[in-house]
Each structure stands twice: as C-alpha cells, then as structure tokens.
**Q** 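To start, I am sharing the structure in question, which I have written as structure tokens.
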Amino acid sequence: MFRLADHDDFFSRRCIWVNGPVIVGAGPSGLATAACLRDQGVPFAVLEKEDCIASLWQKRTYDRLRLHLPKQFCQLPKLPFPEDFPEYPTKKQFVEYLESYAKHFEINPKFNEYVQSARYDETSGLWRVKTASTGGSNRTEVEYICRWLVVATGENAEGVMPEIEGLSEFGGEVVHACSYKSGQKFSGKKVLVVGCGNSGMEVSLDLCNHNAFPSMVVRSSVHVLPREIMGKSTFELAVLLMKWLPLWLVDKLMLILAWLVLGNTDKYGLKRPSTGPLTLKNTMGKTPVLDIGALEKIRSGDINVVPGIKRFTRGQVELVNGEILDIDSVVLATGYRSNVPYWLQEGEFFSKNGLPKAPFPHGWKGNAGLYAVGFTRRGLSGASSDATRIAQDIGKVWKEETKQTKRATACHRRCISQF
C-alpha cells in the first residue's frame, strides 16, 4: 500500500484511518468547514496543536480587541451571532460564540496534536498526516490516513519577527503584537510600536489609554478609513456600492467620504497609497486601517508618528531621518504569516509563502483531495465562503459513493474507521 522506504515509520506510529477529511486547525476556518461537513453528513477529524479552539483569538490577541466589521459579516455558516451581541462583538464574546458553535455542531477537535508533516501518497491515493502529541509528559506519535486534507491553519498562523539592525542589543523589552495583552504594564514608559496596520494603531491607542508614550513607525503609505460613516459601517457601505458601481468608482467615493470625516491624513505622517483601498485589498491583500480613535490621538500628539527605523542601540532607536529617540520597550506589530510550508509537503497548490497560488475565488481547491480554507485575505466572510464550497464538493462525492457501496462501506467503517 505504501512505499517500502516508509515501512518502518508506518509501523512505528499508531495509525488511524479517518473515514472522511482531516481538517488541520480548529480556528474559525476549521470550525466552519467542520460544521458544513456535518450538515452534509460527512464524518471528519479536526487536529489542533493547541489545547483550545481559536487559539489565535484566545491566546495571541490583545484584551481590548473587538471585531472590526459588523457581526453579520463575521458570523460562520449556519449559525448567526446571538441577537443581544453588539454590532462589534468583543474578543470574549467572539470566543463564546465559537465555543457555542463547536458545541452546536458537535465538533470535538483532537487537541495538542501538532502536525509534523502531511503528504499525498500516490501509490495508495491517500493523504498521510503525521502528528506528535504536545500535551502531557509522554510524547505520542500518530499517523492519520485520509482521502481528503483540509488546510485550515490560515494566513495568520505565526507572527512575523523582522530582522532590524541592533535589535538584539536594544536591552529593553521587545514583544510581538501577538504577545501583547494590555498597555497597563507599559504605563509611564516610552514605547516604540513598529507597524501601522490595524494592530499597530490599536496597540498605540491602548498604550495611550494606559498613560504610556507611544511612537508609531509608519514606514510606507497606508489607507485610514473611518469605521463608520454617518452611523453606517464603512465596510457595509462599500459592499452596497459595489453591487451597483465599478470598483474604481467605489474607491473614489470611499476616499472622498474618508476625507470629509477624517480630513487630510497626509499632514499627520499617514500618506495614502496611489491605489485605492478596495483595489489594494483585492490585488495585494493589504487591509485598510479602520480608525476607532487612534487618529484623534495622533492629531493631539499623544501618539507620535515617526518614519522608518535605521538601527537600534542600547535604549535608543535611530530613524531613517537621523532622529534618535530614547525608548523603554518595543512592540512589533509587523504582521503574521502562514506556517503551511513547514509541514505540508506539496508544491503545486501552495506557494512558498504558504498561500494558495490561484487567486480568489479559485484558491480553495487543489488536486488529489487537497483543500484550503481561510486564505482568501477576505476575513471571516471569505473563510465561510470557502468552507461552504469545500463541504459541498466533498459531500457530493461522499453521497454518490455512499449510495453505490452502502452495505460494503458500512461494514468497512465498523471494522477499521476511528472517525
């Protein structure tokens, strides 16, 4: 069944046959896919390296985080948010929603299962997913055998740690935004926030609210939009306009409205890109910043906007304009990346950066039963769309084959299937 070279490894691990797809990742993308598969009547196994669902949300986000978009654009398939939730749910509320979602659809991930490798075995026509247990003192290794593999680890699996000259000699505290919880411990300190995306802006605002003195590095151009325009979500307004107008015109209208609400952001060191915010999002995946109060702090001088970094020295940073700042701590709001290249042994569907090669909306399905969910750069709504397509695609094959071999398959499942 398998290549002879794998013979010893195959029998040294506990081997589990999954009578359906293996989903790697129990974040919103993995949960959405599992729920849609449940609706199709397809069995599955969800593998999660952490000890909880949505570990990114539970363990690697700051306390003040809220959903940036209205809840109707962030709900997962087949179960809306509770009606009493606010329009922009808090981190705690979103986690509660995900936990109730998993319970509702009877999704029980196998926690502390770290995927070491996954590859397609052409001889058998099956996927081999090798894991190691990350919980407890005893290390156990398991190999899952399945026909379909769903990659649901997402675009934001791990923080990007930039290489900046002198950072190792800086001497003060350096944390990535994924480890930042609150500005409380930075009270009274001078903090350099590296990055001006949504995370950089919110961290800077949070530091202000805890009486710290943040300087935010703005190395390149950035689109800042109000979260709401005349009481209506900016995102919702853009979606509505795109139903009737071309993208370039919607971009123009969004920028005019942003100027009316926020004024000219260039004079605060926030230069806008030449490409419109929606076009930039669709082509480069770069999300515009939705302002929730940081711009007011920039105007007042409570958040100091500075240009790019040249180098760090002991307790100081030298900027590209020659200015030198005394700083106590550094928060790296430098983004996230996919971890797929570290474990998926495949080179056709995924590129070297861990994202599907095919552009949206074609990046959800590869060859030989390989699928990807949550890599659209379109947030939770994009993940939900992927999950629905994947479940329908697998469900169609599953139902056809189940009809043809109903009695034989039922017997086979009782004998060897673990899921």
Side-chain angles (χ1 to χ4, degrees), residues 1-27 29-31 33-34 43-56 58-60 107-161 178 336-356 366-375 416-419:
M1 183 176 182
F2 300 108
R3 296 180 303 179
L4 291 176
D6 295 323
H7 182 274
D8 292 339
D9 185 56
F10 179 73
F11 286 102
S12 67
R13 293 172 180 259
R14 177 167 163 246
C15 186
I16 296 178
W17 161 254
V18 178
N19 201 22
V22 164
I23 302 169
V24 182
S29 298
L31 296 178
T33 306
F44 54 83
V46 180
L47 306 180
E48 170 55 51
K49 70 176 181 178
E50 299 288 348
D51 59 0
C52 62
I53 64 167
S55 62
L56 175 65
Q58 297 209 53
K59 296 183 175 184
R60 291 182 285 157
I107 303 168
N108 300 300
K110 291 189 68 64
F111 294 117
N112 301 308
E113 289 278 341
Y114 176 80
V115 175
Q116 296 175 308
S117 68
R119 70 171 183 82
Y120 183 70
D121 188 286
E122 294 185 2
T123 305
S124 63
L126 299 170
W127 284 91
R128 302 178 62 179
V129 184
K130 297 178 182 180
T131 71
S133 173
T134 56
S137 56
N138 295 325
R139 176 186 171 92
T140 57
E141 295 185 337
V142 177
E143 181 164 46
Y144 295 87
I145 311 296
C146 57
R147 181 172 171 186
W148 298 285
L149 178 66
V150 180
V151 179
T153 48
E155 308 156 333
N156 303 319
E158 60 182 31
V160 175
M161 299 295 288
C178 66
Y336 297 83
R337 65 186 169 201
S338 164
N339 67 5
V340 171
Y342 299 119
W343 58 270
L344 182 62
Q345 298 173 12
E346 186 273 343
E348 293 182 6
F349 183 52
F350 280 91
S351 59
K352 290 182 179 179
N353 66 1
L355 302 177
N367 295 322
L370 178 63
Y371 297 90
V373 56
F375 293 87
I416 68 171
S417 178
Q418 296 293 320
F419 290 91

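Atoms considered below: every heavy atom in the structure, side chains included; atoms not considered: hydrogens, waters and symmetry mates. Bear in mind that the values here come from a model prediction, so they are computed numbers and not experimental data.
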**Q** Once you round to the nearest 0.5 Å, how far does SG of Cys15 lie from NZ of Lys130?
**A**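 Between atom SG of Cys15 and atom NZ of Lys130 there are 10.5 Å.
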
**Q** Answer yes or no: is there a side-chain heavy-atom contact under 4.5 Å between Pro341 and Lys352?
**A** no

**Q** Among residues at least two apart in sequence or on other chains, which ones pass side chain to side chain contact (heavy atoms under 4.5 Å, CB included) with Thr140?
**A**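 Here the qualifying residues are Ser133.
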
**Q** For the residue pair Asp121 and Ser124, what are the closest heavy atoms and their distance?
**A** OD1-N, 3.0 Å

**Q** Applying ring-ring contact (aromatic ring centres under 6.0 Å, His included), name anything that partners Trp343, two or more places apart in sequence or on another chain.
**A**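 ring-ring contact (aromatic ring centres under 6.0 Å, His included) check on Trp343 returns nothing, list empty.
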
**Q** Which residues satisfy the ring-ring contact (aromatic ring centres under 6.0 Å, His included) test with Phe375, sequence neighbours excluded?
**A**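 Expected list: Phe350.
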
**Q** Return the set of residues passing salt bridge (charged side-chain N to carboxylate O under 4.0 Å, His left out) with Arg147 (not counting sequence neighbours), or none when no residue passes.
**A**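 Salt bridge (charged side-chain N to carboxylate O under 4.0 Å, His left out) list for Arg147, sorted by chain: Glu401.
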
**Q** For residues Tyr144 and Thr131, report the shortest heavy-atom separation together with the two atoms involved.
**A**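 Minimum heavy-atom contact is CE1-OG1, 3.6 Å.
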
**Q** With a sphere of 6.0 Å drawn around CZ of Phe111, does it hold more than 12 non-hydrogen atoms of other residues, nucleotides or ligands?
**A** yes

**Q** Assess whether a salt bridge exists between Glu143 and Arg128, defined as any Lys/Arg side-chain N lying under 4.0 Å from an Asp/Glu carboxylate O.
**A** yes

**Q** Which heavy-atom pair separates Ala26 from Glu48 by the least distance, and what is that distance?
**A**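 Looks like N-OE1, 2.8 Å.
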
**Q** So, for Pro109 and Ile107, which heavy atoms are closest and what is the spacing to 0.1 Å?
**A**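 For Pro109 and Ile107, the tightest heavy-atom pair comes out as CD-O, 3.4 Å.
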
**Q** Would you mind reporting whether Asp51 and Gln58 have side-chain heavy atoms less than 4.5 Å apart?
**A** no

**Q** Considering non-hydrogen atoms only, spot the tightest contact between Asn339 and Lys49 and give its length.
**A**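 Closest approach of Asn339 to Lys49, heavy atoms only: ND2-NZ, 4.1 Å.
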
**Q** Which residues pass the ring-ring contact (aromatic ring centres under 6.0 Å, His included) test with Phe349, sequence neighbours left out?
**A** none

**Q** Might you confirm whether atom CD of Glu122 has over 12 heavy atoms from other residues, nucleotides or ligands at distances under 6.0 Å?
**A**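 No, the 6.0 Å shell around CD holds no more than 12 heavy atoms from other groups.
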
**Q** Without placing hydrogens or testing angles, list every side-chain donor-acceptor pair under 3.5 Å for residues 148-161, not counting sequence neighbours.
**A**
residue: Glu155; atom: OE2; partner: Thr376; partner atom: N; Å: 3.4
residue: Glu155; atom: OE2; partner: Arg377; partner atom: N; Å: 2.4
residue: Glu158; atom: OE2; partner: Arg337; partner atom: NE; Å: 3.0
residue: Glu158; atom: OE2; partner: Tyr342; partner atom: OH; Å: 3.4

**Q** Checking the side chain of Glu113 only, and the main-chain atoms of Val115 only, is there a donor and an acceptor separated by less than 3.5 Å?
**A**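 Not confirmed, Glu113 side chain does not pair with Val115 backbone.
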
**Q** Rounded to the nearest 0.5 Å, what separation is found between the CG atom of Asn108 and the CZ atom of Phe44?
**A**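 That separation rounds to 8.0 Å.
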
**Q** If you take all heavy atoms of Leu355 and Ser338, which pair is closest and at what distance?
**A** CD2-CB, 4.4 Å

**Q** Does Trp127 reach the main-chain N or O of Pro21 with its side chain, forming a donor-acceptor pair under 3.5 Å?
**A**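 Side chain of Trp127 to backbone of Pro21: no pair is present.
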
